[in-house]
Amino acid sequence: MESSFIKSFFLLFLFIIPVQGFAQNIPIENRLENIVVKKDTSFVTHVSVTLKKSDQAIIYPIFYDSELEKISNIQVYSKKGKRFKPMKDMIIVEEDVELDYIASKKVKSIFIPSEYETKISYTVECSELMYFSDLRFFSNNTIDTLKYQITVPKTFRFIHNTIYKDSLDYMAIDSISSDSITRWNIKVVPEKIEPDPLTFFGIYRNKKVPLMRTIVVPVSYKDDGLKYLNDWYLQKVETKRGLNPEVLNKIDELTKGVSDPRQVMEILYNYVRSNFKYVAIEIGMGAFIPTHANEVFSNKEGDCKDLSNFLSEALNYKGIKSHIALAATYDHISDCDFPSLSSANHVVCLAYIKDEPIVLDPTDPIHFPETPVQSIQNRSILIINPNGGERYKIKGFTPQQNLIDYEIGLKANSDRMLMEGEFKAWYNGISGNFLRREFRYIGKDKMNSAGKRYYESVFGNQSISDFKVNHNANSIGAEGKISINGKIFNDTNNRMLFLDFLPRIIETENRETLLEGTHLGSNFNKNVNLRIEMDEIFETFAPIEHTFSDKGVSLHLKISNPSDFIIECNYEFMFDYITIEKDNHAITNEVLKSFKKIINEPIILRKKG
């Protein structure tokens with residue numbers, strides 16, 4: 001009777017709280033993962049977890065990949081006195097993880113009653129050694145002590161690299177060798193992070209937390225993890241290549257009469273981006289190994305690895321040397337500067353024109369060839385090639401290449417406390433990609449409506465009309481009529497003019513202070529020129545200037561009057577960062593605060609006579 005009640009309660013609990021949304025903070029006293037690498041390139045992980053007594057029932061999840069991993073020997077013990085004894089009527093429920101972008105993941109959920117100190121143990125067998133790609137030094141739960149023990153045969157080498165380890169309160173690592181094995185012992189007090197279901201699946205978006213990236217390589221590679229990962233990946237992807245006659249005929253049709261390699265590259269690049277639907281990734285090897293190129297063509301869909309592999313095959317067929325490369329986007333936990341599958345979350349294509357590599361991302365519909373891909377600028381990629389692989393650093397745009405230029409002309413009507421006129425804004429490089437993406441996906445009519453609302457916000461909630469977007473190959477622009485209300489105030493002898501409607505310096509963010517981890521999309525150089533024609537003359541005044549400069553950030557603002565009825569305000573802002581990080585967080589918010597203070601101060605205009 002009791003067993004049936006608990007089971008019914010457990011199923012109800014699962015129904016109310018979906019598996020993929022575990023938000024319980026499970027109090028864990030210690031967790032040990034004993035990882036044993038086998039000579040046949042498989043590995044086994046023996047997990048032991050001790051849970052503290054809790055005043056509420058706990059659902060303990062075991063997430064695993066059903067294609068690569070096998071869970072066995074689950075044991076649950078409760079503490080009776082000083083000893084742990086097997087728990088009777090152990091309740092375990094298995095479910096598929098139902099998320100659009102995840103396949104092959106399952107979860108085994110173990111019910112732990114309240115008021116018990118509990119120990120759970122289980123074994124995970126994995127057939128693919130490359131899947132042992134990281135050790136997490138963080139957790140959604142509070143863990144007093146986290147231990148890893150890695151046993152590696154003498155025929156292999158364990159290579160590792162830890163990122164963000166400065167945030168750990170404690171970490172110790174040592175190794176012991178014998179004639180047949182080397183055993184690594186790692187002990188940490190893990191960092192507690194906010195619950196994020198994606199971390200259960202090895203997806204670490206916008207995380208800055210400690211992680212050990214790992215790879216186990218055969219001794220024959222002499223600790224060369226890069227070459228081993230390259231050769232392993234190349235062997236896997238070779239089975240997904242080769243184009244059938246139908247595909248070859250289509251490629252020939254698209255490039256008929258074109259012999260210039262650059263033109264051929266652009267034709268095939270645009271064809272894939274325009275005619276193939278992007279679909280989300282799978283977990284497991286499906287997250288890295290592409291679908292066969294012919295199947296991608298037939299289905300006209302795929303994710304980054306599928307589309308890049310197909311594009312590479314098409315380019316190679318036309319005599320343009322091409323490879324694919326593992327990459328890490330801006331929101332990934334790490335750069336692709338260490339040979340581990342956990343280092344990468346993206347795949348791109350490289351075409352070589354006159355031996356110069358040109359990065360192509362068929363999942364980015366607004367990317368221009370021979371310019372950096374926005375999502376991986378200033379990041380490292382691992383080019384997969386027959387020569388053992390090559391690490392390559394993607395260049396980023398300079399702030400000057402991402403020039404933003406505003407021209408604003410207004411005429412004042414002091415009696416109505418109104419200024420009316422026009423504005424034009426031009427974005428060069430990738431600084432206007434947010435407009436390009438909106439224009440592409442929502443269409444011209446909706447874009448004009450959305451753009452109107454956006455620029456009303458940029459100008460401090462002033463009124464915009466007749467808005468339209470203009471674009472060409474190198475830049476995109478916006479323009480419209482603008483009405484500024486309530487920024488001119490009269491008294492007997494003076495006028496007060498407020499300039500707090502000036503476009504904010506970081507316009508894609510409307511917060512007064514920015515948080516660490518905020519991604520801005522690009523660095524940029526921004527020039528704003530405002531000219532106001534007043535409706536009466538006034539006394540000239542000495543120019544008002546403000547300058548702020550620090551590493552990678554500068555602001556120069558000048559307010560002047562070239563004649564007795566003209567006011568000009570010009571500012572130039574340079575920001576050489578893409579993401580708000582620990583190193584630039586303080587200076588960014590300092591300049592934002594400084595700019596707001598400047599434009600909130602009124603300009604006093606003294607009437608002549």
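The first residue in the sequence is number 1, and the count goes up from there.
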Carboxylate-amine/guanidinium proximity below 4.0 Å for E128 and K236: yes
Parallel, tilted or perpendicular, judged at 30° and 60°: which one describes the rings of F276 and F297? tilted
So does E456 pair up with K452, basic N to acidic O under 4.0 Å? yes
For this output row, return yes or no: ring centroids of F138 and Y204 closer than 6.0 angstrom. yes
On the 0 to 90° scale, with breaks at 30° and 60°, tag the F595-Y571 ring pair as parallel, tilted or perpendicular. perpendicular
How would you list, by chain and number, every residue that makes a side chain to side chain donor-acceptor pair (under 3.5 Å) with Y148, sequence neighbours excluded? none
Could you check if a side-chain atom of L326 sits within less than 4.5 angstrom of a side-chain atom of V347, using non-hydrogen atoms only? yes
Going by salt bridge (charged side-chain N to carboxylate O under 4.0 Å, His left out), name the residues that satisfy it together with E246, two or more places apart in sequence or in a different chain. none
Non-neighbouring partners of R157 that pass side-chain contact (heavy atoms from CB on, under 4.5 Å), sequence neighbours left out: V217, V219, D223
Taking the basic N atoms (NZ, or NE/NH1/NH2) and the acidic carboxylate oxygens, is any pair closer than 4.0 Å for K277 and D303? no
Taking 4.0 angstrom as the limit, do K250 and E253 come out as a salt bridge? yes
Quick check with a 6.0 Å cut-off and a 45 degree axis cone: is K208 positioned over the face of Y164's six-membered ring? no
May I ask you to test the F310-I324 pair for a side-chain heavy-atom distance under 4.5 Å? no
Taking the side chain as C-beta and beyond, is there a heavy-atom pair between Q401 and T398 under 4.5 Å? yes
Among all residues two or more places apart in sequence or in another chain, which pass the salt bridge (charged side-chain N to carboxylate O under 4.0 Å, His left out) test with D252? K318
Those residues that, when tested against T41, pass side-chain contact (heavy atoms from CB on, under 4.5 Å) (two or more places apart): L129, F156
Partner of I580 under side-chain contact (heavy atoms from CB on, under 4.5 Å), chosen from T518, N589, T513, L515: T518
With sequence neighbours left out, what residues match T363 under side-chain contact (heavy atoms from CB on, under 4.5 Å)? Y278, C304, L307, H346, D361
Pair Y455 + F423: ring centers closer than 6.0 Å: yes
